Amino acid sequence: MIKYDFKKIEKKWQERWLDEKVFRADDKSKKPKFYQLETFPYPSAEGLHVGHPKGYTAEDIHARFMRMRGYEVLYAMGWDAFGLPTENYAIKVGKNPKEVAKANIKNFKRQVQMFGFSYDWDREINTSDPEYYKWTQWLFIQLFKKGLAYRAKAKVNWCPKDMTVLANEQVVQQNGKNVCERCKSEVVQKEMEQWFLKITDYVERLIEDLGPGTATLDATASKKAKVEARGSLDWPEATIKRQKDWIGKSEGALLKFEVRTDRSDRTLQAKRSSKQSDRTTPTFIEVFTTRPDTLFGATYLVLSPEHKLIGNNELGIRNYEEIQRYIEKAKRKTGLERMTEAKDKTGVELEGVKAINPATKEEIPVWVADYVLGSYGTGAIMAVPAHDERDFDFATKHNLPIRMVVCPHYPAPTCPVLDEAYLGEGHMVDSGKFDGMESEKAKWEITKFVGGKRKVQYKIRDWSVSRQRYWGVPIPMIHCEKCGIVPVPERDLPVLLPDLEDYRPKGKPPLASSEKFIKTKCPKCGGEAEREPETLDTFVDSAWYYLRYTDPHNDKMPFDKLRASHWMPVDFYVIGAEHTVLHLLYSRFITKFLHDEGYLSSGGGSATGGKFQEPFLKLRHVGLIIGADGQKMSKSRGNVVNPDELLEVVGADVVRVYEMFMGPFDQGQPWDTQGVLGAERFLQRVWKLYSDANIRMHANDTNNANFGRLLHKTIKKVTEDIETLNFNTAISAMMILLNEMEKQDKLPVKSYELFVKLLAPFAPHMAEEIWHEILDHKTYLHEEKWPEYDPKLIKEEKFTLVIQINGRVRDSVEVEAGISQAEAEKLVLAREKVRAYLKGAKPKKVIYVPGRLISIIF
RNA sequence: GGGCAGGUGGCGGAACGGUAUACGCGUAGGUCUCAAAAACCUAUGGAGGCAACUCCUUGAGGGUUCAAAUCCCUCUCUGCCCACCA
């Protein structure tokens, strides 16, 4: 037997594939297109983690499979190379981030290439390359021109360690604290002037185009019906839901409550006595509510601690000092305290201040409490304790009146007790002329009655993109004293990121200290001006990279409209579930924007056949590989598996097969070094099969129907499993076939060839070696046609009929496939074993499931 | 507190109304060998029995059904996500 020298063989094929550019995606191909997108990695200094190749192998299998099925596949790789970790690492080792990034990419590329992934390397991109970020800057300018990039003062999330602003999406919860997604330091709130992208302008379409979801379909609905119900997006249900939740749309009304204070009473008296016309406009507190129907039950108002009416004491609050102390305390609360105290609703009443319920005209108290958020709605609420659990808790604690105004049953013989009332719809009670009206209708009638406005409110806020750090895309803007903010003319792009001696963060952008960079002329008036020293959030870089792959070397445009439209939308995207609200939402926004601006047109050969405003049609998440100890892999736990060592010891094909065999693709599994051995044995046996069997190899098909049936069943199974990403069962099916092949006295060469084709996407190096060197073919396997199964050959001639008596399996018998119920019954009832159970009794009922079982009840 | 996913041998998992434990790992015994490794063969959920066989078993309990790991209800545990959004 020839030893399988994986090192030599894997290297040989990788070089040939690369040199001959066999995986080049042809823009002009006549074949139907398939765009398969790989999450381009952030090239960290640590290099590849065993988790990376799991997603990559799955995509590579799928890409190779699609090629064999006759598609022209666009499948490429690139580097999301800007960003904090590289910069922080560079600071640590005292190097330039540019050098560090270059070295990291080189290392990543070396590792990735050792796995033999079938990328079109001519399309490799790098976000830190001026040829790429020139177009990121171009994109920013287009957004600016449309008023979608703007500067505003806002409270931002500030990471004190990284000394930069973070987007809301980049702030995560850990142990009850708001921490930086990257470095896990606690985030503080800071008021700063910032660049924002107006994603909120696209919010309706971002919801709408996710589709209606499949919630209305019952479980029996076909997969196709489900996909159609979602519009054209085939995404995991949970991902769609999370994005919708993040956008957080709610419909309600803005209602105004007039404020009465000691001071306004005095004004009123003064007005009366002097008979002056009303020149002082009354003060109002505006609230947002989704339940305007419950207005008659609003028994008090609550302001958030951040509310501007209590910022200075213009209302003349009598206990202002106490209020201030409360606000200060609320501000200092950590996320953890907020969480644990969520049930314990604290608050202070504003003394000397009352509000008028516009429906009842009653005076109601006004409170400040930190259960009301300053950042949502108007920062103030009307509290309806009977119909809101939080208000109920607060009212109970502070002894405020509770008035029920919606009754689930009407006419109401008995209304349910209060704590059952909360959210339900029903009919109005105790609400003046609205009594008896359906609450849903009353929402808008009552809003109209008190002069309120309908309002749609979202949780999502505009995307903050300013970063006060060095290693990113310079924002292509110029500040001119005369002309204001002026974009850099497009002919002057890119604005190059200068090499700085000292690029460390100092709380202000490092670029600000480079006079050479900052000082410039205003493109409008020609006067002295300054460049914007901030850099862009790296999520801007990655929000359009999939478009660049379609035309990566274009130096006139970010991409050619026809090329982009030919390849887009992405047909299949595998991505970690952690990107659900960040990258995916941003990418959808940018695609819609570019579509609106006419840079993208109808999709080319895609299945959608028409317009696309969605970048990613089919989306799946890859499950995390965890350490052998069941813990997440991390350096500190010492449970990290290094792919370099694995590749050295067992080679790429074995790692690929093992990672696909571990379990369901979208679920996480612990790493098992012993398990790798199983994959290795499997491939060794595939290899050995020929050497051992070359005596047995037979040019002609044998008449072994059983073997032929298994072969065709395996073709069917593997084909379907790749389509559905059930790689573990696909491999198991191939193992079963291999077990059987080993038992054959005469193994037809044709069968072996079919098997090698099935194996090719999983273990491409070994398959290619066998195909060329043993089976003596000149073509590459991915140019071969994917095997098709013959439905006729799959049909069983016989099957095992299971015999159940009174619901228990008691016997079984081999029978002809076409056996009728009458025949089966006769045969079964004649069996001794069955007779022993029946003891002469007559069966009451017989259930026959063709091809499976017969169930006798007596 | 809410949402989602899930709990099947010693382990990863398969089956998703129709013979539970496919496939792989591990373990035990065997073949080969002076020996060991590798490779190959056999066995391998639990209890009982010399045996043929019988009973039990998919987190716990209940229900539907001729038949439930699978469908329904209650509980429980684990993982992930969200978390006062009016």
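Everything numeric in this text was worked out from a predicted model, so none of it was measured. We name chains A, B, ... by the order of the sequence lines, and we start the count at 1 in each one.
- Note: CG (Asp672(A)) to C1' (G26(B)) measures 9 Å, nearest angstrom.
- Using a 4.0 Å heavy-atom criterion, one finds that Ile856(A) contacts no nucleic acid atom at all.
- Lys345(A) contributes a side-chain N or O that forms a donor-acceptor pair with the base of C84(B) under 3.5 Å.
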Strand RNA chain B as a dot-bracket string - pairs counted if Watson-Crick or G-U with both distances under 3.5 Å, | where the partner lies in another strand: (((((((..(((.....[....)))((((((.......))))))((((....))))..(((((..]....))))))))))))....

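- Taking CD1 of Ile460(A) as the start and CG of Leu206(A) as the end, the distance is 7.0 Å to the nearest 0.5 Å.
- In this structure, Tyr371(A) does not reach the A86(B) phosphate: none of its side-chain N or O atoms is under 4.0 Å from OP1 or OP2.
- In this structure, NZ of Lys455(A) is placed 13 Å from P of A86(B), rounded to the nearest angstrom.
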Hey, what are the protein-to-nucleotides 13-18 of chain B N/O distances that come in under 3.5 Å?
unit_1 : atom_1 : unit_2    : atom_2 : d
A14(B) : OP1    : Asn728(A) : ND2    : 2.9
G18(B) : N2     : Gln804(A) : OE1    : 3.0

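- Residues Arg242(A) and Phe288(A) each lie close to RNA chain B; by heavy-atom proximity, the contact nearer the 5' end of the strand is made by Arg242(A).
- Minimum atom distance to the side chain of Val372(A) is reached by A86(B), of the listed A86(B), G26(B), C23(B).
- Taking the six-membered ring for Trp and thresholds of 30 and 60 degrees, Phe682(A) and Phe755(A) have ring planes more than 60 degrees apart, a perpendicular arrangement.
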Sort me out a list of protein N/O and nucleotides 27-29 of chain B N/O pairs below 3.5 Å, or just none if empty.
none

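- Between Lys845(A) and Met735(A), the residue anchored closer to the 5' end of RNA chain B is Met735(A), taking for each the nucleotide with the nearest heavy atom.
- Counting non-hydrogen atoms under 4.0 angstrom, Ile381(A) reaches a base of the nucleic acid.
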Anything under 3.5 Å between a protein N or O and an N or O of nucleotides 44-54 of chain B, put it in a table, one pair a line.
unit_1 : atom_1 : unit_2    : atom_2 : d
U54(B) : OP1    : Tyr837(A) : OH     : 3.0

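- At a threshold of 4.0 angstrom between heavy atoms, the contacts of Gly807(A) are confined to the sugar-phosphate backbone, with no base atom among them.
- Lys844(A) comes within 4.0 angstrom of nothing in the nucleic acid, heavy atoms only.
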Using a cutoff of under 3.5 Å, can you pull out all pairs of nitrogen or oxygen atoms linking the protein to nucleotides 36-39 of chain B, with atom names and distances?
unit_1 : atom_1 : unit_2    : atom_2 : d
A39(B) : OP1    : Arg681(A) : NE     : 3.3
A39(B) : O2'    : Lys688(A) : NZ     : 3.4

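- At the heavy-atom level, Lys459(A) lies under 4.0 Å from base atoms of the strands shown.
- Residue contacts shown for Ser375(A) are absent, as no nucleic acid heavy atom lies under 4.0 Å away.
- Among the heavy atoms of the strands, none lies under 4.0 Å from Asp245(A).
- An OP1 or OP2 oxygen of G24(B) is reached within less than 4.0 angstrom by a side-chain nitrogen or oxygen of Asn739(A).
- Classified by its glycosidic torsion, G17(B) falls in the anti category, the angle being over 90° from 0.
- Partners of Phe727(A) under the ring-ring contact (aromatic ring centres under 6.0 Å, His included) rule, at least two apart in sequence or in another chain, are Phe665(A).
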